[in-house]
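Questions regarding the structure given below will be posed in turn.
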Amino acid sequence: MQGLIIKAISGEYTVISDDKQYVCKPRGTFRLNEQSPKVGDLVEFDVKTKTITAIHPRKNELVRPVVANIDKVFLIFSVTEPDLNLNLLDRLISIVEYNDIEIVIVFTKLDLLVDCREFDKISQYYQKIGYRVYETGIGISLDLLKEEFPNHICVFAGQSGTGKSTLLNLFDPGFNLRTSEISYALNRGKHTTRHTELLPFNGGWIADTPGFGNIDFPFDDLLTYSHTFVDFFEKSNNCKYNRCIHLDEPHCWIKKLVDDGEILVTRYNNYRLFAEEIKENIKNKY
């Protein structure tokens, strides 16, 4: 029988098929082959033994959060309480771009922001480079955001305390997901989501995932990494060198655009920081 894994807890997988749910365990051969089922996997399973017997080929997968076959990743970031973390936002954008998954950015808690001028520049920039951006808060309609979900498996990701679970509860109070207060000493939220689970919503699926503050890059070379910054890649034809990675090369068009205010300084600074981290990872790997 064929079904979709919608929840994974402690080695047990909830599979839905024809609106019925089955709690299954994987065959031992998966472990021998170093393969593990993931939430979002389409699988074959034995109804009688409640055993997952085969995993269909995946179109993509993420390590953190642990989800497969994703259509859209919603990057949820608060503008305050905790403060807007552009370093983590750019990191996640790069990793999701590498996995060729559609990105939607959602900025939360707009109602708590006293001065929006600096934030507006940031929001407008990410829209200008091609990402759909939504802004939420008390009194802001969620109707347009809800239209992103039909017929898609969607993942919510971002740092803790930004309002991921609160936003899901606004979509459907029946989700009844736990939320928690912010740790002001650490300027981040306290983790409330303990596992990944697909929740049915508006003709699609939403995965609520544990929040996290860091995630490793998957890159083995800087050129591949540079292509995940789409705003840099689209303008890199104007660089002097064909394989310019926009770090120390002379006559780099991207650095000129940063100086001219066409590219966010914070985004370029993050790009350089990530490049140093990736170089160190490559050095340690080989």
Of all pairs that satisfy ring-ring contact (aromatic ring centres under 6.0 Å, His included), the ones with a partner from residues 80-108, not counting sequence neighbours: Tyr98-Phe219, Phe107-Phe119
Within residues 122-142 or reaching into it, pairs that qualify as salt bridge (charged side-chain N to carboxylate O under 4.0 Å, His left out) - sequence neighbours excluded: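 Output for this query lists Glu102-Arg132, Arg132-Glu148.
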Side chain to side chain, Phe77 and Leu88, heavy atoms closer than 4.5 Å: yes
Counterpart residues, side chain to side chain donor-acceptor pair (under 3.5 Å), relative to Asn281 (two or more places apart):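 Asn281 satisfies side chain to side chain donor-acceptor pair (under 3.5 Å) with no residue once adjacent residues are dropped.
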Counterpart residues, salt bridge (charged side-chain N to carboxylate O under 4.0 Å, His left out), relative to Asp143 (two or more places apart):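 By the salt bridge (charged side-chain N to carboxylate O under 4.0 Å, His left out) rule, Asp143 matches no residue at all.
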All pairs passing side chain to side chain donor-acceptor pair (under 3.5 Å) where residues 5-22 contributes a residue, at least two apart: none
Selection residues 35-46 - residue pairs positive for salt bridge (charged side-chain N to carboxylate O under 4.0 Å, His left out), sequence neighbours left out: Lys38-Glu61, Asp41-Arg58
Show me, pair by pair, the donor-acceptor contacts under 3.5 angstrom made by side chains of residues 234-242, not counting sequence neighbours?
residue, atom, partner, partner atom, Å
Ser236, OG, Phe233, O, 2.8

Arg243: salt bridge (charged side-chain N to carboxylate O under 4.0 Å, His left out) partners, not counting sequence neighbours: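 Arg243 satisfies salt bridge (charged side-chain N to carboxylate O under 4.0 Å, His left out) with no residue once adjacent residues are dropped.
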Glu276: partners by salt bridge (charged side-chain N to carboxylate O under 4.0 Å, His left out), with sequence neighbours left out: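 Salt bridge (charged side-chain N to carboxylate O under 4.0 Å, His left out) check on Glu276 returns Lys279.
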With Lys25 via salt bridge (charged side-chain N to carboxylate O under 4.0 Å, His left out) - residues at least two apart: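 Here no residue qualifies.
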Sequence neighbours excluded, every pair satisfying side chain to side chain donor-acceptor pair (under 3.5 Å) that has a member inside residues 254-268: Asp90-Arg267, Asp231-Arg267, Lys256-Asp260, Tyr268-Arg272
Under 3.5 Å, which donor-acceptor pairs do the side chains of residues 198-206 form with other protein atoms, sequence neighbours left out?
residue, atom, partner, partner atom, Å
Asn202, ND2, Lys146, O, 2.9

